[in-house]
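First up is the structure itself, then whatever we jot down about it.
Just so it is clear, the structure is predicted and the values come from calculations on it, not from any experiment.
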Amino acid sequence: MVILSRIKKIILKSRQSDAKLAYPTAAGSLKTLFTAVIPLTDLPSDSIEDTYIQYDLGTQTIEQRLILARSLEGQMTQAILPGGRMVLIEKSYNNGIVLKEFPAPSLGEKNCHIAPKVSGGI
């Protein structure tokens with residue numbers, strides 16, 4: 001008999017290097033749900049991170065890509081970090097969860113995007 005234990009960790013794997021960040025999980029309200037806290041300030045600058053889960057299956061430790069069955073529509077998917085950085089959460093083409101960290105747009109860049117919208121509405 002194979003016993004699946006609870007999910008132990010959320011793993012963030014960098015696409016640019018072999019770097020990994022790991023975060024423990026806590027049991028959720030239902031058997032298959034879990035929660036994890038990932039401090040966004042931990043993300044390396046200018047990085048793209050793919051998300052994985054780690055759990056035990058019998059005597060083996062398994063690492064598997066974390067996927068979303070639904071769209072991210074209506075969810076908070078971006079955050080401004082201290083130091084003028086930004087994090088964006090996206091769903092990849094294969095339903096994986098991707099975290100992207102990059103410089104936040106400057107005030108001038110934000111204003112450039114507003115002008116065409118304003119002038120087009122008049």
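- Atom OG of Ser92 sits about 8.5 Å away from atom CG of Leu68, to the nearest 0.5 Å.
- Taking Arg65 as the reference, nothing meets the salt bridge (Lys or Arg N to Asp or Glu O under 4.0 Å) condition, with sequence neighbours excluded.
- In the hydrophobic clustering of this structure, Leu88 does not group with Ile48; members are Ile, Leu, Val, Met, Phe, Trp, Tyr whose side-chain heavy atoms approach within less than 4.5 Å, directly or through other members.
- Annotation: side chain of Thr61 is not in contact with side chain of Glu63 (no heavy-atom distance under 4.5 Å).
- Ile67 and Ile38 are not part of a single hydrophobic cluster, where members link through side-chain heavy atoms under 4.5 Å apart.
- Separation of atoms CE (Met86) and CG (Leu43) is listed at 13.5 Å; rounding is to 0.5 Å.
- Of all the heavy atoms in Asp46 and Phe102, the pair that sits closest is OD1-CA, 3.7 Å.
- Counting only heavy atoms from C-beta outward, the side chains of Ile62 and Asp56 never approach each other to under 4.5 Å.
- Criterion: ILVMFWY side-chain heavy atoms under 4.5 Å apart, direct or through other members. Under it, Val98 and Ile10 are not part of a common hydrophobic cluster.
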(request) Please assess Lys100 against Ser47 for the test side chain to side chain contact (heavy atoms under 4.5 Å, CB included), listing each intermediate value before the final yes or no. (result) CA-CA 6 Å; Lys100 295 181 178 181; Ser47 67; over 6 Å; no
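- Chaining together hydrophobic side chains whose heavy atoms lie under 4.5 Å apart places Ile11 alongside Tyr52.
- For the atom pair Gln54 CD and Lys20 NZ, the distance stands at 7.5 Å (nearest 0.5 Å).
- Nearest heavy-atom pair, Lys91 versus Ser71, reported as atom, atom and distance to 0.1 Å: NZ-N, 4.0 Å.
- Placement of Ile89 and Leu12 within a single hydrophobic cluster is found when ILVMFWY residues are connected by side-chain heavy-atom separations under 4.5 Å, directly or transitively.
- Listed by chain and number, the hydrophobic cluster partners of Tyr93 come to none, as no ILVMFWY side chain reaches under 4.5 Å of it.
- For the atom pair Lys13 NZ and Asp50 CG, the distance stands at 9.0 Å (nearest 0.5 Å).
- Of all non-hydrogen atoms in Pro44 and Glu49, the two that sit nearest each other are CD-OE2, 3.6 Å.
- The number of heavy-atom neighbours closer than 6.0 Å to CD of Gln16, taken from other residues, nucleotides and ligands shown, is above 12.
- Applying the salt bridge (charged side-chain N to carboxylate O under 4.0 Å, His left out) definition to pairs two or more places apart or across chains, none involves residues 66-79.
- Every residue was checked against the side-chain hydrogen bond (donor to acceptor under 3.5 Å, both in side chains) condition with Thr77, not counting sequence neighbours, and none meets it.
- Asp42 and Leu21 make their closest contact through O-CD1, 3.8 Å (heavy atoms, listed as atom of the first residue, atom of the second, distance).
- Under the side-chain hydrogen bond (donor to acceptor under 3.5 Å, both in side chains) criterion, Thr51 pairs with no residue at all, not counting sequence neighbours.
- Considering CG of Leu72 and CD1 of Ile97, their distance stands at 7.0 Å, rounded to 0.5 Å.
- Note: Leu81 CG to Glu101 CD = 6.0 Å, rounded to the nearest 0.5 Å.
- At least one side-chain heavy atom of Thr41 sits less than 4.5 Å from a side-chain heavy atom of Pro82.
- Taking 4.5 Å as the limit, every side-chain heavy atom of Tyr55 sits out of range of all side-chain heavy atoms of Lys9.
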